[in-house]
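Step one of this worksheet: look at the structure below.
Quick caveat, the model's predicted, so the values are computed rather than measured. Position 1 is the first residue of the sequence; numbering continues from there. We count ligands from 1, going down the list as the structure has it; atoms in each ligand are counted the same way. Side chains included, hydrogens not; waters and symmetry mates left out as well; all remaining heavy atoms used.
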Amino acid sequence: MLEYLATASLLVIAVRSATDYTQYVDVFTGTEAGGNNFPGVARPFGMVKLGPDLLDVGTDSYSGYLPNGRFSGFSMMHEHGTGGAPKYGTVSQLPLVGDVSSALYGVTVGRASPDVGSVGYYKAQTTENVVVELAATARAGMYQYTFAAGSTKNNILIDVSHVLPSFRGQGLGQGYDGGSFTIFPDDHYEAYGVYNNGWNRAPDWKIYSCGYFDTKPIGASAFKGPIGGSASINPNKTATSTDQSSYVGGIYAFNDASVISRVGISWISASQACQNVNGQIPSGTKLATVVQGTKDAWNSQLLSTITTTATNATSLKLLYTSLYFMNLLPTNQTGENPGWTSSEPYYSDYFTFWDTFRCSTALMHVIQPVAYEEYIRSTIDIWRHDGYMPDSRSSNYNGRTQGGSNADNVLADAYIKGVRGQINWNDGYAAMVKDAEITPPNNNPDPMAPDSSTKEGRGALSDWLKYGFITPTYSRAASRAVEYAYNDFSLYQVANGLGKAADAIKYLTRSRNWRNHWDHNLTSIGFTGFIQPRNVNTFLNTNPLTDAGYWDDAYYQGSSWAYSWADIFDAQKLVEYMGGAQNFLSRLETMFKPGAIPGNPTGIIFDATNEPTFNVPYLYNFINRPDRSVVQSRKIAKARYQNGPSGLPGNSDAGAMQTWLLWNMIGLYPITGQTTFLIHSPWYASLTISLGGSKKLVITSTGGDGNGDKNYHVQSLKVNGQPWTKSWLTWNDVFASGGTMEFVLGPNPVQWVTGALPPSPGTDPNICSNDNCLLNLEDSRYIK
Ligand SMILES: *[C@@H]1O[C@H](CO)[C@@H](O)[C@H](O)[C@H]1NC(C)=O
Ligand SMILES: *[C@@H]1O[C@H](CO)[C@@H](O)[C@H](O)[C@H]1NC(C)=O
Ligand SMILES: *[C@@H]1O[C@H](CO)[C@@H](O)[C@H](O)[C@H]1NC(C)=O
Ligand SMILES: *[C@@H]1O[C@H](CO)[C@@H](O)[C@H](O)[C@H]1NC(C)=O
């Protein structure tokens, strides 16, 4: 026993004596100015994300947090960095001082001072002089309340009807649809609430909770009242409502100034919620212990995966804050799936593959291979049981799908990079074929795009199959077409790998159908040839610069200038269509040129705030001009990403923004669905990515400033000790078993690249020399 204890404490010391990278994480970075980062407490991929919910009239609080407003609660479930409409804000508590009235619905309390937070710890203070401190494990949370000295009427309100509301008037506000609250003789409570809607238009879903107070209350009551009206106390200490007409909850009163509550949540049952809290935060646990556990988890599982010799505090903060925020979502809900029983892992809060397929999933693969494999298996298991893989998913319900079925891209990326493990690839491929062949039913038409399903799959598939393009019968026709093409290329990759030759040819051919939307005659600010919406025989006449729309438009959240670059698996065809390498170059330059948009002297076409153009700064590599990729991508990275609450250019989107920045620091850029990584320039003199086991990728540079601010032009490169003259490398070169990249940097660009262009498999004639394939390529559907 003694020996065991000694070993155990040595282990603890070993974990804690390593560098504490959490010191570099600023949890308030990107919480404002549309970033919507979640600043509360959470473990990596944790089910509990415990933080404050602020109510400020006319503003949606997507993560719960706002810099202004009044506290409506401190709740256990949040998304991170999303837009559209808030989701969750469920399972909350709120401290109240004094004689509490019976109007217990929608109660708010003011904020006395700005909130304070660090990894695993959050502190807020209400205008009633209550300090609220929070900590969390994966499935339970801890509240430590400190009421003012001498204060006696100290209450904790638990309003089961609490959700994050939406003010945007798009019909995406969350609803409460009943719940239950019961106080047991030992004073612990068990509850459930039923909720619906939010951004993914989910039907009713249910979450259970189990709460303990480690301080003896002087009173505890369950209440029920009509929404907006007064509640009455139920002497039986239980209250239930089967619909949205009545709110239910509990109110606990204390004489002590210090009140500790531990709460577990579960998607399965109240007793499971009790097990979650008692297993993860047993009675008597100190807040500091839970906080330290969270810091240890982030350090050991995530933050230590990327290390650098850099010492610049600004850069270190950006690096580790970005690493932190890219690993809050998805949520690991394994063992907590109310939908079906399965031995596969289960993740939810996919937010969304539309946002994350370009940068995030590729980096998750590198630094979190175990979670990544589980995530892929979960994605396939969702198809097994729900019929389609999600593009987005929350509260265990698919939706919404903004463009294509981008899970296809993520699966292809995993497949071709050799991810096998326990993934059933025959099923994975079958799930992709479902996306590619079966139109999802439009059972509950989306008022913002009623033409076809936005829940899952490819709503506009029937045009895509019939014509090889998408007519205005369908909303988002042009942007969906370029995404469907990318998705079909992904099917080609997996079919090819699985030896399904006929399918491979079919999907490669279909992937080229983005070309059917190419209007060779369409001209915009001096450039000719753009993606264009079309009817069966004619193109529409849209403006490639200004026709950028939303759910019901031809282009979703981007213009044709943006979407025309999307199908990069067919890069050399794109170069040809844009009029050759020189025109491709000047069109790329125009993307970043202030004043390129008539009437807007400072704005640029490239949109750093959103994902569709994430790739664009790096596309110079496809004409062997990585020097320009370095210049443009570095300019964006340094100008648009900062520490501080307004530090993100746009919605974090579950960390998609942060991952774009991380790849910029690393000096590589992934081309999802291929093994290709484009090479640009690293920020630091040395950066090491740990790849699991003893494998690592070490990226060094000499001649730079060690911080990516200047002298960042590549002069030469060695990969694994060998001189390297290509602007790209593959997964096998440096990731599969580790590797080294040694850059020499300098103040001026040089043409260090002389080797082969990055692969353009969609264009490669040798890939598809089969007659059938060639026949299809000459398909009359191409408007010449
Ligand atoms: C309290 O419980 C008793 C016995 O089960 C029941 O008859 C009564 O209706 C309950 N009261 C309320 C307000 O629910
Ligand atoms: C640290 O990095 C920031 C941002 O790149 C830069 O502005 C600053 O000059 C650097 N500090 C030092 C001491 O090099
Ligand atoms: C996900 O959660 C399950 C259940 O708690 C756990 O066994 C698994 O290790 C978790 N996955 C990761 C990557 O932490
Ligand atoms: C494009 O322009 C050429 C030359 O003006 C014309 O012959 C052709 O019909 C046009 N194509 C389309 C699709 O409008």
Side-chain angles (χ1 to χ4, degrees), residues 24 26 29 42-49 136-140 264-268 272-273 275-281 293-294 296-305 308-322 326-338 341-350 361 363-379 381 414 419 421-423 633-644 647 661-662 664-665 681-685 687 690 692 701 704-712 745:
Y24 304 119
D26 176 356
T29 296
R43 297 277 165 106
F45 311 114
M47 207 163 90
V48 166
K49 297 179 193 4
T137 61
R139 291 174 187 184
I265 60 170
S266 171
W267 292 92
I268 304 299
Q272 183 61 47
Q275 277 179 45
N276 287 346
V277 62
N278 289 320
Q280 299 193 342
I281 311 181
T294 305
D296 291 347
W298 280 99
N299 276 322
S300 63
Q301 293 168 37
L302 270 146
L303 302 178
S304 57
T305 59
T308 169
T309 52
T311 53
N312 182 302
T314 307
S315 289
L316 286 174
K317 205 164 156 184
L318 261 183
L319 166 61
Y320 288 104
T321 301
S322 300
M326 74 163 278
N327 291 290
L328 289 169
L329 295 179
T331 299
N332 180 358
Q333 256 180 244
T334 303
E336 284 279 351
N337 180 357
T341 307
S342 164
S343 55
E344 290 296 279
Y346 180 64
Y347 283 67
S348 191
D349 301 314
Y350 289 63
T361 44
L363 192 56
M364 185 184 184
H365 177 199
V366 171
I367 62 174
Q368 286 293 288
V370 174
Y372 180 69
E373 186 191 320
E374 291 179 2
Y375 188 29
I376 301 279
R377 287 167 64 194
S378 163
T379 305
D381 211 39
V419 179
Q422 294 182 64
I423 298 172
S633 68
R634 187 61 50 87
K635 216 189 283 179
I636 301 291
K638 290 283 181 176
R640 301 304 304 271
Y641 289 81
Q642 262 106 37
N643 294 313
L661 181 69
L662 288 166
N664 195 266
M665 293 178 177
S681 168
W683 284 27
Y684 304 117
L687 177 136
S690 123
S701 66
D705 69 350
N707 198 47
D709 288 313
K710 54 182 193 300
N711 298 350
Y712 47 64
L745 304 177

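Of the protein's non-hydrogen atoms, the one nearest atom 9 (O) of ligand 3 is Glu374 OE2, 4.1 Å. For atom 12 (C) of ligand 2, the closest non-hydrogen atom of the protein is Asn312 ND2, 3.2 Å. The shortest contact between atom 7 (O) of ligand 2 and any protein heavy atom is with Asp709 OD2, 4.4 Å.
Residue contact annotation: Tyr347 has a non-hydrogen atom under 4.0 Å from ligand 3.
Side-chain contact of Asn707 with Asp709: a donor-acceptor pair under 3.5 Å is present, judged by distance alone. A donor-acceptor pair shorter than 3.5 Å can be found between the side chains of Asn276 and Glu336. Thr137 and Gln280 share a side-chain donor-acceptor pair at under 3.5 Å. Between the side chains of Asn664 and Ser633, at least one donor N or O lies within less than 3.5 Å of an accepting N or O.
Backbone and side-chain nitrogen or oxygen atoms of Gln301 are examined, and none is located within less than 3.5 angstrom of a nitrogen or oxygen of ligand 3. Any N or O atom pair closer than 3.5 Å counts here, and Thr314 shares no such pair with ligand 2. At least one N or O atom of Lys638, backbone or side chain, sits closer than 3.5 Å to an N or O atom of ligand 2.
The closest donor-acceptor contact from the side chain of Gln368 to the backbone of Gln301 lies under 3.5 Å. Using a distance-only test at 3.5 Å, with no hydrogens or angles considered, no donor-acceptor pair links the side chain of Ser315 to the main chain of Asn312. One N or O on the side chain of Thr321 and one on the backbone of Asp26 form a donor-acceptor pair closer than 3.5 Å.
Using a 30° and 60° split on the angle between ring planes, Tyr375 and Tyr350 fall in the tilted class, from 30° to 60°.
Remark: atom 5 (O) of ligand 2 lies closer than 4.0 Å to at least one protein heavy atom. Within the 4.0 Å cut-off (strictly below), a protein heavy atom is located near atom 2 (O) of ligand 3.
The proximity of Gln368 to ligand 3, defined as any non-hydrogen pair under 4.0 Å, does not occur for either the backbone or the side chain.
Taking a cut-off of under 4.0 Å to the non-hydrogen atoms of Ala371, the atoms of ligand 3 that pass are 13 (C). Listed by number with element, the atoms of ligand 2 under 4.0 Å from a non-hydrogen atom of Asn707 are 1 (C), 2 (O), 3 (C), 4 (C), 5 (O), 10 (C). For ligand 3, the atoms closer than 4.0 angstrom to any heavy atom of Asn332 are 1 (C), 2 (O), 3 (C), 8 (C), 10 (C), 11 (N), 12 (C), 14 (O).
Counting heavy atoms from C-beta outward, Leu329 and Lys49 have side chains that approach closer than 4.5 Å.
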